[in-house]
Amino acid sequence: MSSSRSRAEELRSKLNRWLHEYHVLDEPSVDDATYDRHYDELLALEQEHPELVTPDSPTQRVGAPASEKFQKVRHLTSMGSLEKVTTDESLVKWAEDVQKRLDSDEPVAFVLEPKIDGLAINLTYENGLFTRGATRGDGEIGEDVTVNLRTIPSIPLRMLGDDVPSLIEVRGEVYMPLSGFRQLNERLVAEDKKPTPNPRNAAAGSLRQKNPAITASRPLSFWAYGVGAHEGVELRTHWETLQWLKQHGFPINPFAERLESIEAVAKACQEWERKRTKLDYEIDGIVIKVDDYDQQRRLGALHSRPRWARAFKWAPMTATTRLEKIMIRVGRTGALNPWAIMKPVTVGGVSVSRATLHNEEDINRKDIREGDDVIVQRAGDVIPQIVGPAGPHRRGTKPFKMPTHCPLCGAEIVKPEGEVMHRCPNRACPSRGLETLINWVQGPADIDGVGEQTVRTLWDKGLVRSLPDLYRLTKEQLLELDGFGEISATNAIQQIEASRTRVPFSRVLLGLNIAGIGWVLAQNLARHVGSVDALIAATPEELADVEGFGPDRAEGVVEWFADEDNRRLVDELRAIGLNFEADESDRPVEGPLTGSQYVITGTLESMSREQAREALEALGAKVSDNVSKKTTGVVVGESPGSKVAKAQKAGVPILAEDDLKQLLAR
Ligand code: IVH
């Protein structure tokens with residue numbers, strides 16, 4: 001029995017340590033299987049000897065019975081709220097007021113923390129043990145949600161360390177990470193239930209469940225940002241408090257920082273407006289607190305809003321609006337791209353009326369229909385996303401279906417096996433031709449002086465309908481277009497002319513828009529075959545050896561060159577003087593980044609992933625899809641995938657978009 005007791009104690013302390021490492025420090029030291037094995041052993045031991053169960057046992061996080069009603073509890077000290085500021089000027093004015101109320105020459109330091117959009121809670125610990133947790137309520141009286149809070153793995157059931165105070169109220173925010181929010185909504189929609197409109201509501205709804213098992217199934221997390229009543233510990237500054245909380249096992253937001261001037265604070269707030277979209281949780285502002293507790297006390301509060309703190313706030317990033325119509329655009333490789341027209345709505349301070357919808361599968365998985373009220377999410381400068389329908393009482397009647405025929409040329413739409421995109425197979429499809437031209441001048445040929453608008457106008461006037469047409473364009477024709485004068489027309493024609501010989505073979509291949517052949521594969525292909533004649537003569541078996549190819553891609557390329565229209569196009573372009581033989585410029589570039597290898601994940605703000613890849617490759621770096629020990633760095637955009645975790649595990653450095661820009665500027 002005593003050996004059971006000590007084994008239970010050992011298991012408990014190990015499991016609690018591992019939970020802390022995993023959920024608070026983000027540095028797991030054991031794998032899931034090891035954790036599970038120990039957990040199961042403790043559970044079995046406790047079932048055999050119920051007297052060994054302690055309140056801080058990890059097995060006690062779930063399993064409390066569902067409650068009828070939440071009890072009201074009075075907080076030991078009240079939970080205030082924050083006065084907000086929305087501009088630099090009002091922030092500085094606040095700091096001036098703070099200084100005026102204190103001594104004029106007294107130094108004032110500030111602590112900044114992201115303002116997580118979740119819900120405030122109050123956790124009471126007695127002699128280190130978590131005994132009660134409550135919502136903020138009206139600030140004086142909240143609801144007892146202890147059993148639900150116990151299910152949140154980043155909330156310690158027992159504080160770490162030996163020097164625990166006899167009593168302390170720990171305050172913080174319960175929130176739902178964005179990745180978890182999206183998954184939850186997908187699940188709710190799949191179960192024909194109403195999705196949650198934003199992560200804040202999702203967190204609040206999850207925490208106020210009558211059945212703790214449901215709360216346990218929700219991906220909730222916690223950040224501590226302060227203390228209320230406390231006995232048996234002395235804390236002098238907010239910054240000190242944060243460090244103390246961290247030492248005692250509480251998760252503290254890693255971006256909290258202490259700054260010594262309001263100018264530095266204002267600058268940091270500006271930077272956060274941009275940076276906030278990189279996080280896996282929503283923040284609606286920055287909280288700024290006077291660091292020193294004695295200064296806080298002297299400043300006091302007005303209507304439960306402390307004079308020593310402000311919330312610097314931005315506009316919300318999600319909104320609900322009507323999806324009016326789903327439109328289709330035919331891309332340059334014939335892919336059908338659905339996009340949404342919505343009733344204009346302000347999201348994150350910007351009016352939004354369009355969103356991309358990816359593909360049919362995605363639309364139907366989210367169950368978005370024309371006429372529905374939908375939840376729109378915007379992150380930074382990226383194109384808005386539709387998260388899902390906004391309510392159970394939908395207006396949309398018909399599930400979305402891709403057209404069976406191309407909306408532009410009427411050709412029958414195909415959906416190749418194993419692909420998610422529908423395609424218009426007609427290479428002469430007008431939309432496809434237009435997109436090919438736009439791509440050519442912006443991408444492979446990079447013709448300065450001829451942009452998307454010019455190409456559209458030339459297309460509308462019937463002057464340019466194919467790549468060869470572009471090279472037959474005259475200055476006189478350009479002069480007839482709005483916005484062109486003698487100088488700009490001459491320049492544009494010169495640029496087009498120069499591109500005949502300037503564009504290397506691999507880029508010409510890229511410009512042909514062979515499905516699935518992007519920048520790197522075009523380069524590999526060009527180097528492997530050496531010339532277009534060799535390419536035309538190649539068999540699928542030969543091409544399957546090209547780096548990054550396989551039988552399917554090889555087959556696709558051979559088919560493309562077997563097509564009569566395509567061959568005619570190649571002949572015409574060859575006659576025009578475009579490059580159809582590989583040379584120096586098709587070699588992998590030697591540059592300052594030669595030998596390094598990068599992975600790009602998530603959506604970047606200032607460029608597409610493809611552009612980032614090109615820019616890195618232009619400096620000699622390799623860009624691959626998989627993180628490995630050889631990876632030099634992982635560039636992380638907004639909504640990144642599992643590659644971030646892999647990188648962290650492998651100890652590979654993580655680069656934000658700004659870091660990437662610095663790297664490219666070198
Ligand atoms: S301190 C006296 N710090 O903002 C007020 N609040 O309006 C003390 N919040 O209800 C609050 N992150 O839900 C504080 N780092 C942070 C916060 C934060 C989010 C929320 C919290 C509170 C509201 C204040």
Side-chain angles (χ1 to χ4, degrees), residues 9 12-25 53-64 67 70-80 113 116 118-137 139-175 203 207 212 215-216 220-253 256 289 293:
E9 202 165 293
R12 237 176 4 242
S13 104
K14 265 191 185 163
L15 288 163
N16 279 333
R17 193 178 74 237
W18 291 339
L19 275 179
H20 179 250
E21 286 170 354
Y22 187 91
H23 290 284
V24 179
L25 304 179
V53 177
T54 60
D56 66 335
S57 169
T59 61
Q60 300 306 299
R61 286 191 178 267
V62 279
S67 61
F70 298 114
Q71 297 293 320
K72 299 265 184 246
V73 279
R74 180 174 285 277
H75 308 304
L76 298 176
T77 55
S78 68
M79 297 175 77
E113 295 155 14
I116 299 106
L119 72 156
I121 54 157
N122 186 25
L123 307 172
T124 306
Y125 287 79
E126 291 170 61
N127 297 314
L129 199 64
F130 175 46
T131 51
R132 191 156 68 191
T135 60
R136 177 178 179 279
E140 305 293 327
I141 294 173
E143 285 180 319
D144 186 332
V145 286
T146 314
V147 288
N148 290 344
L149 287 169
R150 291 178 70 92
T151 69
I152 300 175
S154 47
I155 294 182
L157 297 181
R158 177 181 288 283
M159 290 170 72
L160 294 185
D162 303 326
D163 58 337
V164 296
S166 51
L167 173 83
I168 192 163
E169 289 182 312
V170 175
R171 267 112 198 234
E173 198 87 351
V174 164
Y175 68 97
L207 195 60
T215 309
L220 293 177
S221 215
F222 172 71
W223 256 311
Y225 55 62
V227 296
H230 51 282
E231 285 165 16
V233 56
E234 218 171 294
L235 299 162
R236 284 181 309 265
T237 68
H238 181 58
W239 188 246
E240 191 190 323
T241 301
L242 292 180
Q243 311 314 316
W244 185 90
L245 286 168
K246 187 167 159 186
Q247 279 157 17
H248 288 79
F250 294 91
I252 299 301
N253 189 286
K289 298 169 183 168
Y293 279 168

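Looking at heavy atoms from C-beta onward, Lys246 lies out of side-chain contact with Leu242 at the 4.5 angstrom threshold. Contact check for Ile152 versus Leu207: side-chain heavy atoms found under the 4.5 Å cut-off.
Scanning both residues, Leu19 and Arg61, for their nearest heavy atoms gives CD1-NE, 3.7 Å. For the pair His20 and Leu160, the tightest heavy-atom approach, listed with the atom from each and the gap, is CE1-CD1, 3.5 Å. Residues Leu123 and Ile121 come closest through the heavy atom pair CD2-CD1, 3.6 Å. Closest approach of Arg158 to Leu129, counting heavy atoms only: NH2-CD1, 3.5 Å. Here the closest heavy-atom approach between residue Leu157 and residue Arg150 is recorded as CD1-NH2, 4.0 Å. Here the shortest heavy-atom pairing between Glu173 and Ile116 reads OE2-O, 3.0 Å.
Distance check: Phe70 CZ to Thr146 OG1 gives 10.0 Å after rounding to the nearest 0.5 Å. A distance of 11.0 Å separates CZ of Arg17 from CG of Leu25, quoted to the nearest 0.5 Å. To the nearest 0.5 angstrom, His230 atom NE2 is 12.0 Å from Leu76 atom CG. Taken from OH in Tyr225 to CZ in Arg171, the straight-line distance is 8.5 Å, to the nearest 0.5 Å. Rounding to the nearest 0.5 Å places CD of Glu240 at 5.5 Å from CG of Leu235. Glu113 CD to Asn253 CG: the interatomic distance, rounded to the nearest 0.5 Å, is 7.5 Å.
Side-chain N or O atoms of His23 include none that pairs as donor or acceptor with a backbone N or O of Glu21 at under 3.5 Å. Between the side chain of Ser57 and the backbone N or O of Thr54, no donor-acceptor pair lies under 3.5 Å. Looking only at distances, no side-chain donor or acceptor of Thr241 sits under 3.5 Å from a matching main-chain atom of Gly226. Panel note: side chain His75, backbone Arg136; a donor-acceptor pair is recorded below 3.5 Å. Counting only distance, with no hydrogens or angles, the side chain of Ser154 and the backbone of Phe222 share a donor-acceptor pair below 3.5 Å. Distance alone, capped at 3.5 Å, places no donor-acceptor pair between the Thr124 side chain and the Glu169 backbone. Judged by distance alone, with hydrogens and angles left aside, the side-chain atoms of Asn16 form a donor-acceptor pair with the main-chain N or O of Asp56 at under 3.5 Å.
Checking each of Ile155, Asn148, Leu149, Val174 against Leu220 for a side chain to side chain contact (heavy atoms under 4.5 Å, CB included) leaves exactly one that passes, namely Val174. Between Pro165 and the choices Glu234, Met159, Glu126, the side chain to side chain contact (heavy atoms under 4.5 Å, CB included) rule is met once, by Met159.
Other residues, nucleotides and ligands contribute at most 12 non-hydrogen atoms within 6.0 Å of the CZ atom of Arg236. Atom CD of Gln243 sits in a crowded spot, with more than 12 heavy atoms from other residues, nucleotides or ligands closer than 6.0 Å. Residue-environment remark: OH (Tyr22) stays at or below the threshold of 12 foreign heavy atoms within 6.0 Å.
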| request: Kindly indicate, with the supporting measurements, whether the criterion side chain to side chain contact (heavy atoms under 4.5 Å, CB included) is fulfilled by Lys72 and Glu143. | output: CA-CA 5 Å; Lys72 299 265 184 246; Glu143 285 180 319; 3.9 Å; yes
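Ring-plane geometry between Trp223 and Tyr175 is classed as parallel, the angle between the planes falling under 30 degrees on a 0 to 90 degree scale with a further cut at 60. Taking the six-membered ring for Trp and thresholds of 30 and 60 degrees, Phe250 and Tyr125 have ring planes more than 60 degrees apart, a perpendicular arrangement.
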